[in-house]
A.B. asks: 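Okay, here's the structure, questions in a sec.
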Amino acid sequence: MSLIRWPIGRLILLINFVFSPSSPKRSSAEQAKFDDKTKNLSLYQLPSCPFCVKVRRTMKREGLNIELRNINQKNDYREELISEGGKRKVPCLRIEKTDGQVQWLYESSDVIAHLQQLAKAA
C-alpha cells in the first residue's frame, strides 16, 4: 500500500504547489487583526493528505496564519490528537477558546466552513 501512497502523495503535493491559490493583499495592521483571531488555532494534518491540502488551500486563500502540526513528524502531536481529540483523524482543527476550553473540529468541510466564517468576521 505504501508503494501506491507515496507517489500519489507526491503528485498531490506537486499539483498543490503548481496551482497554489494566492493570498489576499492586506496591510500589516489588517493582517495583524487576522493573526490575532487565529492565534489559538492549530491544524493537525498530514502534508500529502488530500483533505488536509484542501484545508491548507482555504487557509492560504483567506490569508489565515494557523500553526500546522504534522502528526507523522512529531509523536507528541499524534498522541495529543488521540488523547484529547479522541481519534487519529486528520485534518483536525484545535480551537482553544477564551474560557480555556478546547474544541476539536474534524471533517475538512466543517473546518473550511469555520475558517471562512472566521475570515468574514475579522
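Keep in mind the model is a prediction, meaning the values are calculated, not measured. Just so you know, these numbers use all the heavy atoms, side chains as well, and skip hydrogens, waters and symmetry mates.
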A.B. asks: May I ask you to check whether over 12 heavy atoms, not counting those of Q73, lie within 6.0 Å of atom CD?
C.D. replies: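 Check fails, neighbour count at 12 or below.
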A.B. asks: Could you measure the distance from the OG atom of S48 to the CG atom of L14? Nearest 0.5 Å is fine.
C.D. replies: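 Between atom OG of S48 and atom CG of L14 there are 12.5 Å.
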A.B. asks: Above 12 or not: heavy atoms from other molecules or residues under 6.0 Å from CD of E84?
C.D. replies: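 Above 12, so yes.
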A.B. asks: In terms of relative ring orientation, are Y44 and Y77 parallel, tilted or perpendicular, with 30° and 60° separating the classes?
C.D. replies: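 Perpendicular, since the angle between the ring planes exceeds 60°.
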A.B. asks: With a 4.5 Å heavy-atom cut-off, do L46 and N70 have their side chains touching?
C.D. replies: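 Yes - at least one pair of side-chain heavy atoms lies under 4.5 Å apart.
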A.B. asks: Minimum heavy-atom separation for P47 and L13, please, with both atom names.
C.D. replies: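 It is O-CD2, 3.2 Å.
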A.B. asks: Check whether any side-chain heavy atom of E96 lies under 4.5 Å from a side-chain heavy atom of R94, and answer yes or no.
C.D. replies: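 When only atoms from C-beta onward are counted, R94 and E96 do touch, with a gap below 4.5 Å.
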A.B. asks: Is it true that a side-chain atom of R26 and a backbone atom of G63 form a donor plus acceptor pair closer than 3.5 Å?
C.D. replies: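 Checking the backbone N and O of G63 against the side chain of R26, a donor-acceptor pair under 3.5 Å is found.
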A.B. asks: What is the distance from atom SG of C49 to atom CZ of R5, rounded to the nearest 0.5 Å?
C.D. replies: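 Those atoms lie 10.5 Å apart.
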A.B. asks: Nearest 0.5 Å, what's the CZ-CD distance between R88 and E79?
C.D. replies: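 Taking CZ in R88 and CD in E79, the distance rounds to 10.0 Å.
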A.B. asks: Are L64 and F34 side-chain neighbours, meaning at least one heavy-atom pair lies under 4.5 Å?
C.D. replies: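 When only atoms from C-beta onward are counted, F34 and L64 do touch, with a gap below 4.5 Å.
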A.B. asks: Once side chain to side chain contact (heavy atoms under 4.5 Å, CB included) is applied, do any residues pair with W6, and if so which ones, sequence neighbours excluded?
C.D. replies: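 If we apply the side chain to side chain contact (heavy atoms under 4.5 Å, CB included) test to W6, skipping adjacent residues, the hits are R10.
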A.B. asks: So, does R57 use its side chain to make a donor-acceptor pair with the main chain of F19 at under 3.5 Å?
C.D. replies: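 Flag set: sc R57 to bb F19 pair under 3.5 Å.
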A.B. asks: For Y106, I'd like to know if atom OH has over 12 heavy atoms of other residues, nucleotides or ligands within 6.0 Å.
C.D. replies: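 Buried by this count: over 12 neighbours within 6.0 Å.
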A.B. asks: Among Ile, Leu, Val, Met, Phe, Trp and Tyr joined by side-chain contacts under 4.5 Å, find the other residues sharing a cluster with V53 and list them by chain and number.
C.D. replies: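 Members besides V53, by chain and number: I4, I8, I12.
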A.B. asks: Any side-chain heavy-atom pair from K74 and R69 closer than 4.5 angstrom?
C.D. replies: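 Answer no - side chains too far apart.
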A.B. asks: Charged N to carboxylate O below 4.0 Å: is that the case for D36 and K33?
C.D. replies: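 Not counted as a salt bridge, because no side-chain N and carboxylate O are separated by less than 4.0 Å.
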A.B. asks: Would you say V111 ends up clustered with L118 if hydrophobic residues are merged whenever their side chains have heavy atoms under 4.5 Å apart, either directly or through other cluster members?
C.D. replies: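 L118 clusters together with V111.
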A.B. asks: Given the rule that I, L, V, M, F, W and Y join up when any side-chain heavy atoms are under 4.5 Å apart, are I112 and I95 in one cluster?
C.D. replies: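 Per the 4.5 Å side-chain linkage, I112 and I95 are co-clustered.
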A.B. asks: Find the distance between CG (N40) and CD (E67) and round it off to the nearest 0.5 Å.
C.D. replies: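 Going from the CG atom of N40 to the CD atom of E67 covers 11.0 Å.
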A.B. asks: So do N72 and R78 actually touch side chain to side chain, heavy atoms under 4.5 Å?
C.D. replies: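 Yes, side chains in contact.
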A.B. asks: Quick one, V55 and Q45 - any side-chain contact, counting heavy atoms below 4.5 Å?
C.D. replies: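 In short, these two side chains do not touch, never coming nearer than 4.5 Å.
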A.B. asks: Is the closest side-chain heavy-atom distance between L81 and V90 below 4.5 Å?
C.D. replies: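 Side chain of L81 against side chain of V90, heavy atoms only: contact under 4.5 Å found.
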A.B. asks: Taking the side chain from T38 and the backbone from N65, do they hold a donor-acceptor pair closer than 3.5 Å?
C.D. replies: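 Between the backbone of N65 and the side chain of T38 there is a qualifying donor-acceptor contact (under 3.5 Å).
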A.B. asks: Rounded to the nearest 0.5 Å, how far does OG of S20 lie from CZ of R61?
C.D. replies: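 It comes to 9.0 Å.
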A.B. asks: Can a salt bridge be assigned to the pair K120 and E62 using a cut-off of 4.0 Å between side-chain N and carboxylate O?
C.D. replies: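 No.
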A.B. asks: Do you reckon I71 sits in the same ILVMFWY cluster as L43, going by side-chain contacts under 4.5 Å, direct or chained?
C.D. replies: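 They do not share one cluster, since no chain of ILVMFWY contacts under 4.5 Å joins I71 to L43.
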A.B. asks: Specify the closest pair of heavy atoms between K60 and P24, including all atoms of both residues, with the distance to one decimal.
C.D. replies: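 Reported closest heavy-atom pair: O-CD, 3.7 Å.
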A.B. asks: May I ask whether W104 and I66 are part of the same hydrophobic cluster, defined by side-chain heavy atoms of I, L, V, M, F, W, Y residues being less than 4.5 angstrom apart, directly or through others?
C.D. replies: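 In one cluster with W104: I66, no.
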